[in-house]
Every structure is written in structure tokens, then in C-alpha cells.
**Q** 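The structure under discussion is supplied below as C-alpha cells; questions concerning it will follow.
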2 protein chains.
Amino acid sequence: MASNPAHPYTTNAQSQLAAGDALGALGLTPAFSPLYQQIKGLILQSLQSGEWKPGESIPSEMDLAARFRVSQGTVRKAIDELSAENLVVRRQGKGTFVATHAEQQVQYRFLKLQPDNGDTQSEGPAERTIIDCKRLRASADIARALSLRSGDPVLQVRRVLAYAGVPTILEELWLPGAPFKGLTAERLSNYNGPMYALFETEFGVRMVRADENIRAVNPDSEQAELLNVPITAPLLSVERVAYTYNDTPMELRRGLYRTDTHHYRNALS
Amino acid sequence: MASNPAHPYTTNAQSQLAAGDALGALGLTPAFSPLYQQIKGLILQSLQSGEWKPGESIPSEMDLAARFRVSQGTVRKAIDELSAENLVVRRQGKGTFVATHAEQQVQYRFLKLQPDNGDTQSEGPAERTIIDCKRLRASADIARALSLRSGDPVLQVRRVLAYAGVPTILEELWLPGAPFKGLTAERLSNYNGPMYALFETEFGVRMVRADENIRAVNPDSEQAELLNVPITAPLLSVERVAYTYNDTPMELRRGLYRTDTHHYRNALS
DNA sequence: TAGTGGTCTAGACCACATA
DNA sequence: ATGTGGTCTAGACCACTAC
């Protein structure tokens with residue numbers, strides 16, 4: 001076969017095979033997937049390995065294209081998907097940046113509670129009070145949620161979030177012990193900002209997505225006291241499992257939300 | 001200027017101006033936007049005008065490219081966005097289809113309540129019972145939500161949804177009177193399927209997105225009786241505004257959900 | 001076999017940010 | 001002036017579906 005000046009897909013097929021072999025060498029199924037998906041996977045690995053840290057810029061599309069030996073358009077499509085999944089943020093003229101919970105604009109990305117008078121647009125809670133931070137052994141349900149074994153070491157944190165002096169959210173959260181070694185109530189109290197930002201900068205753990213299960217419940221007497229409501233008050237129970245890369249669960253969080261002055265907002269599409 | 005064999009962006013700019021003029025003729029701001037955004041807008045108009053009906057296929061990318069005098073890639077990017085917004089569904093080898101609430105696969109798209117034991121994956125409620133369907137005048141809050149004036153005619157529907165014989169959802173919904181003229185309790189009772197599918201086929205109204213405000217509340221005595229719970233039971237209050245094309249609100253729905261055997265599931269990313 | 005959407009490339013120019 | 005992401009085109013081939 002003559003080497004025509006333009007036969008893009010031949011080049012493509014070669015790269016595809018090469019990338020497939022790379023995946024095969026990693027012990028993954030060499031199942032067929034488009035080139036840009038494979039490139040996306042490679043970029044994901046670099047994100048996960050910490051080659052580029054949260055807030056930093058990743059190499060330009062041209063650089064990545066050269067590195068992976070594919071066209072710039074293919075890299076672009078890979079980054080398009082990463083951007084749609086909120087793993088990176090593109091900024092025209094500046095570059096593509098690793099997403100972070102520490103940025104002002106998308107702070108408290110996972111907190112859907114908003115004040116009823118929507119003028120103060122989705123700002124974070126004004127006051128945060130740590131109740132305690134204990135080292136425990138995982139019970140069966142905690143272990144299941146975090147993909148651990150019963151009895152594995154976990155950290156339990158409890159705190160209250162208040163808006164304008166009104167305690168509104170009571171949170172109880174569990175973290176796997178190993179990745180969060182060294183986390184104390186004091187460090188949590190001293191940190192001023194979203195807890196997920198602290199996880200990124202201090203422990204290198206980046207939450208990329210989460211699932212929430214929501215119910216209406218009544219508080220027990222201790223919860224009622226902490227939230228300053230009667231035990232007959234209906235409250236939102238929000239159970240969240242947050243995941244880092246590779247769908248690895250890294251946090252179980254159980255929140256009780258007062259919804260007398262706030263509401264949980266959800267956009268459906 | 002000589003007509004070079006390849007000067008794509010010149011062609012592009014011409015088309016851009018042409019499309020811009022078309023928009024201008026419609027009285028819209030001729031503000032700059034990329035060609036594919038303008039094409040997206042034109043496709044959206046055809047969807048809205050009913051040129052292609054829910055469930056039908058729209059013209060192929062090549063046909064649309066010829067129609068709008070742009071490249072197939074530009075049409076593709078426009079359809080990409082419409083697909084991401086769930087307005088159309090692509091099927092490889094078959095075509096691109098207008099999305100519908102009547103399809104088996106995405107039925108009850110807006111219903112986030114799921115049974116606690118996730119084995120029965122997000123199926124619809126088993127039994128639906130219409131309580132009543134009245135013609136009323138819009139109160140101030142109903143009017144505001146539906147972008148009507150106080151006193152405008154609206155329809156109010158109330159119904160109960162049950163799972164395995166257990167009444168679980170009590171819904172009260174308001175619709176603008178004009179578009180839904182002729183809707184009766186009988187027609188609702190006879191229809192077997194999602195209410196949004198009936199809206200599409202019988203009234204030509206397609207809901208494309210919705211916003212929900214969620215709270216924890218206690219029922220009043222009537223609500224408690226209909227749901228077969230004590231008035232002290234905490235319930236989820238889900239207030240939804242559903243929109244058709246052009247962000248036009250077409251339904252206000254207030255639901256009370258029992259969350260003793262079900263939960264509201266939300267994916268955050 | 002033909003038609004559809006899906007992938008990939010190559011190259012050009014635009015819009016934005018920075019120096 | 002340079003480099004980044006953003007847009008647009010043209011053309012090729014792949015994967016799926018239907019006839």
C-alpha cells in the first residue's frame with residue numbers, strides 16, 4: 001500500500017493499538033475504546049498520580065497531543081469530557097486547570113442547601129464549630145459505605161454549621177483512617193474554608209463526585225439540642241458518600257438540615 | 001481578495017452574519033455567538049414549533065448541514081449540546097430523535113424517589129389514583145411560579161401514587177389553563193403512563209427541565225389521612241417547577257413523599 | 001449496499017490573556 | 001507578539017442499523 005500524504009485513520013489505528021497495549025500492560029482489559037477515551041484515561045492517571053496538582057494548569061492541548069502522539073483534536077475531545085465531569089476547568093487564553101474545591105467560585109460544590117431568600121447566592125455557611133473528632137473502629141454499615149472491613153480504623157468528625165448565628169446543619173462524617181492520618185479537631189478548627197479543600201491540600205485527597213440519599217426524619221434529643229429545635233421538628237437527613245478518582249469512596253457524611261429558613265435545591269434535566 | 005481553494009473561516013463568517021441577520025429579523029439581540037450556537041438555536045426553534053415531534057427523528061447531520069449552509073461538524077457540535085441537555089437522543093446507525101417522556105428507558109426522568117432496596121431499579125409507581133382535577137383562579141404564589149397573573153385560570157390536579165399498595169406520594173399540581181384546555185380527571189385516570197407523556201401527546205407540551213426545592217415538613221390532617229401516616233410523621237416536601245422550551249414554566253408541582261421505605265436520590269458532580 | 005452517527009486528522013483563523 | 005483555548009472546515013474511515 002502506497003503511503004498517501006493523508007490517511008489519518010491508519011495513523012489513528014496504530015496509536016490505538018499502542019495505547020491498547022499500554023492498558024494491557026497495566027492488567028486492564030484491552031477492550032476496544034475510542035482513542036480519545038484512552039487518552040482521557042491516561043490524563044486521568046496523571047491527575048490521580050498527582051503529576052498535576054489541584055489548582056495547577058495541565059500541559060497545553062498541543063503539548064499533550066505531542067506527548068501521546070495524537071492530534072490536538074483528539075486531546076481536545078478527551079479534555080472536553082474531563083471538563084464536563086468537573087475534573088478540570090478550561091480558561092480561554094490561560095490554559096486548562098485541575099479542578100479544586102478551594103476556588104472561590106465553585107466552593108461548597110456539594111452543598112445544595114440555600115437560603116430561602118435567594119439574594120445571597122449560594123455562599124458558604126458563616127460559622128463552623130467542630131464538636132469532636134474521634135478515632136474509631138468501623139461498624140458494619142460504615143465499613144460497607146467506605147469499602148472497608150468492619151473494625152478497620154476510621155475517623156469520625158462531628159460539627160455544626162450556622163448561618164447568621166442560627167445552627168442549621170449538624171454533620172457527622174466518617175473517613176478511612178489511613179489516608180487521613182494526622183487529622184485532628186484542632187486542625188479542623190483552625191482551617192478556614194471548605195473541608196474538602198483541606199482534604200486536598202493537607203491529605204492529597206480530592207473528592208470528584210458524590211451520591212446523596214435524602215429523607216425526612218426527626219432528631220434524637222442530642223441532635224435536637226445541638227440544632228436548637230424541638231425533637232418533633234421535621235429535618236432533612238442527607239446521607240452522602242463522596243468519591244475520589246476511580247470511584248473510590250473516601251467519605252461518608254450524614255447531615256441533618258433545618259429547612260425552616262433554607263431549602264435543598266436541585267436542578268433536574 | 002482572491003478566492004483561495006481553502007479559507008474556511010471566511011465562509012464561516014459569512015454564514016455567521018447570515019444566521020445573525022436571521023436572528024435579528026426575529027427581534028432578538030444580534031449579539032455575537034459562535035456559529036454552532038446559532039445553529040443550535042435554529043434547531044431549537046424547529047423543535048419548539050413542532051416541525052419534528054417527540055419520538056420522531058430529525059434530519060441527518062448532512063441534511064441539516066446543507067440546510068443551514070454549514071459544515072457537518074458544526075451541526076454535530078450543535079446537536080452535541082442539545083443531546084447533553086436531553087432535548088434529543090442520538091442512536092448510532094439510526095439517527096437523532098426528539099426526546100420524549102414516553103420512552104420506556106427514561107420514563108419518570110424527574111422522579112428521584114427510589115425504593116430503599118435498590119433491586120427494582122427506578123421503576124415508576126405501581127398505582128396512581130386521581131383525587132380531583134379542578135378549574136381554579138391562580139393565587140399570587142401559583143401565578144408567580146407559572147409566570148401568570150393572579151386570577152388567571154389554572155388547573156389543579158391532586159393525586160396519590162402508591163408502591164405495592166402503600167400510598168407514598170401525594171401530589172398537588174397546577175397547570176396554566178390555556179395550554180391544557182380539555183384536561184379532565186377522567187382523561188388523567190384513563191391514561192396509563194407518565195403524566196408528562198400525556199402532556200406531550202395530548203397537549204403538545206414537552207417538559208425539558210425542572211427545578212426542585214426540598215424541605216422536611218409535617219402533613220396537615222387531610223394529607224396525613226391520604227398518605228396513611230400520623231400528622232407527626234416527617235415527610236419530604238418537594239416543590240417542582242417544570243419548564244418547556246425557552247425557560248417557560250408550565251407546571252408547579254408540590255409533592256409530599258413518605259421516606260420510610262423510599263429515599264430521594266441525587267447524584268452530585 | 002447504503003445511510004446514519006462516531007472517530008480522527010490537518011490546518012486555518014478567532015477570542016482572550018499575558019508580557 | 002506569543003501562546004492558550006475556541007471555532008470551523010474538509011475529508012477520510014469506522015461502527016452500527018436496516019434493507
**Q** Which nucleotide wins on minimum distance to the side chain of A/Pro34, given the candidates C/dT4, D/dT7, C/dC8?
**A** C/dC8

**Q** Is the distance from OP1 or OP2 of C/dG6 to the nearest side-chain N or O of B/Arg90 less than 4.0 Å?
**A**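 Answer is yes, contact under 4.0 Å.
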
**Q** Can you figure out which of D/dG6, D/dC8, C/dC8 approaches the side chain of B/Ser71 most closely?
**A** D/dC8

**Q** Calculate the interatomic distance between A/Leu35 atom CG and D/dA12 atom P; express it in whole Å.
**A**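 Those two atoms, CG and P, are 20 Å apart.
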
**Q** Rounding to an integer number of Å, can you tell me how far B/Phe97 CZ sits from D/dT17 C1'?
**A** 10 Å

**Q** For A/Lys77 and D/dG5, what is the distance between atoms NZ and C1' respectively, to the nearest whole Å?
**A**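 Distance check: A/Lys77 NZ to D/dG5 C1' gives 18 Å.
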
**Q** Any side-chain heavy atom of A/Asn190 sitting closer than 4.5 Å to one from A/Leu188?
**A** no

**Q** Would you indicate which nucleotide in D/dG6, C/dG6, D/dC8 comes nearest to any side-chain atom of B/Arg76?
**A**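 My answer, after comparing the listed nucleotides, is C/dG6.
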
**Q** Specify the separation, in whole Å, of atom CD of B/Gln92 and atom P of D/dC14.
**A**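 In whole Å, D/dC14 P and B/Gln92 CD are 14 Å from each other.
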
**Q** Give the C-alpha distance, both sets of side-chain angles, the deciding distance and a yes or no for side-chain hydrogen bond (donor to acceptor under 3.5 Å, both in side chains) between B/Arg128 and B/Asn192.
**A** CA-CA 9 Å; B/Arg128 294 176 285 266; B/Asn192 209 330; 2.7 Å; yes

**Q** Would you mind telling me which of D/dT7, D/dG5, C/dG5 lies closest to the side-chain atoms of B/Tyr36?
**A** D/dT7

**Q** Grab the CD-P distance between A/Gln72 and D/dG6 for me, whole Å please.
**A**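 Atom CD in A/Gln72 sits about 10 Å away from atom P in D/dG6.
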
**Q** Would you mind reading off the distance between B/Lys40 atom NZ and D/dT7 atom P, rounded to a whole angstrom?
**A** 12 Å

**Q** Would you tell me whether B/Glu127 and B/Tyr163 have side-chain atoms, one donor and one acceptor, within less than 3.5 Å of each other?
**A** no

**Q** Using OP1 and OP2 only, check whether a side-chain N or O of A/Lys94 sits under 4.0 Å from C/dC16.
**A** no

**Q** Base, sugar-phosphate alone, or nothing: which one does B/Thr96 contact when heavy atoms must sit under 4.0 Å apart?
**A**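 Since only primed, P, OP1 and OP2 atoms lie under 4.0 Å of B/Thr96, the category is sugar-phosphate.
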
**Q** On the ring face of B/Tyr257, is B/Arg240 found with NZ or CZ under 6.0 Å from the centre and within 45° of the axis?
**A** no

**Q** Please report, rounded to the nearest Å, how far the P atom of C/dT4 is from the CZ atom of B/Arg91.
**A**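 Going from B/Arg91 (CZ) to C/dT4 (P), I get 16 Å.
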
**Q** Using heavy atoms to find the nearest nucleotide of DNA chain C for A/Gly93 and A/Gly73 separately, return the residue whose nucleotide is more 5′.
**A**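 It is A/Gly73 whose nearest nucleotide is closer to the 5' end.
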
**Q** Return the nearest nucleotide to the side chain of B/Ser60; candidates are D/dG5, C/dG5, C/dC8.
**A**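 The listed nucleotide nearest to B/Ser60's side chain is C/dG5.
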
**Q** Give the rounded distance in Å between these two atoms: CE of B/Met62 and P of C/dG6.
**A** 15 Å

**Q** Taking 4.0 angstrom as the limit, do B/Lys40 and B/Glu85 come out as a salt bridge?
**A**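 Yes, B/Lys40 and B/Glu85 are salt-bridged.
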
